[in-house]
Q: 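The structure's right below; bear with me while I get my questions together.
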Amino acid sequence: MSANAVTEPSQIDITAHEAFLNQFIDLYSSLFAHDGFGDIRIEIKILRRGQKEVIIHCGKQYRYVIDCDQALANESMIKHLLKRDLLA
């Protein structure tokens, strides 16, 4: 993987992720304080129109759709067009 393909954390708009991060912190805190076994998993799917669906699995599913313009920013134009056509 090239260094250009990795999105720098400073390029991510944290305000768009606040609801997800708050829920994740709450779930993590709850699991850590629990007197037993706990399980948490995060799944990220690419959606149409420059969005991603982020799902937290922790007994229940917590779903968030987040705008993600930088998701395809570092890809070649051909690859970008192919993905756009496949996701349309």
Q: Side-chain contact, heavy-atom cut-off 4.5 Å: Asp26 with Tyr62?
A: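 Of all side-chain heavy-atom pairs linking Tyr62 with Asp26, none is under 4.5 Å.
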Q: Tell me the closest heavy-atom pair linking Gln51 and Asp67, and the distance in Å.
A: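 Heavy atoms only, the tightest pair is NE2-OD1, 3.0 Å.
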Q: For residues 28-39, which side-chain donor-acceptor pairs fall under 3.5 Å, sequence neighbours excluded?
A:
from: Ser29; atom 1: OG; to: Ile25; atom 2: O; distance (Å): 2.9

Q: Could you go through His17 and Ile66, starting from their C-alpha distance and side-chain angles, then the distance that decides it, and tell me whether this counts as side-chain contact (heavy atoms from CB on, under 4.5 Å)?
A: CA-CA 7 Å; His17 302 268; Ile66 301 173; 3.6 Å; yes
Q: Going through the checks in order, is the side-chain contact (heavy atoms from CB on, under 4.5 Å) test met by Ile42 and Phe20?
A: CA-CA 11 Å; Ile42 298 174; Phe20 163 78; 3.9 Å; yes
Q: Kindly indicate, with the supporting measurements, whether the criterion side-chain contact (heavy atoms from CB on, under 4.5 Å) is fulfilled by Glu43 and Val54.
A: CA-CA 6 Å; Glu43 179 180 344; Val54 182; over 6 Å; no
Q: Mind checking salt bridge (Lys or Arg N to Asp or Glu O under 4.0 Å) for Glu53 and listing every partner two or more places apart, or none if nothing turns up?
A: Arg63
Q: Could you pull out the closest heavy-atom pair between Leu47 and Lys52, with the gap in Å?
A: CD1-C, 4.1 Å
Q: Just verifying a value: how many Å separate Arg41 CZ and Ile55 CD1, rounded to the nearest 0.5 Å?
A: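 With rounding to 0.5 Å, CZ (Arg41) is 8.5 Å from CD1 (Ile55).
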Q: What's the spacing between His57 NE2 and Leu27 CG if we round to 0.5 Å?
A: 12.0 Å
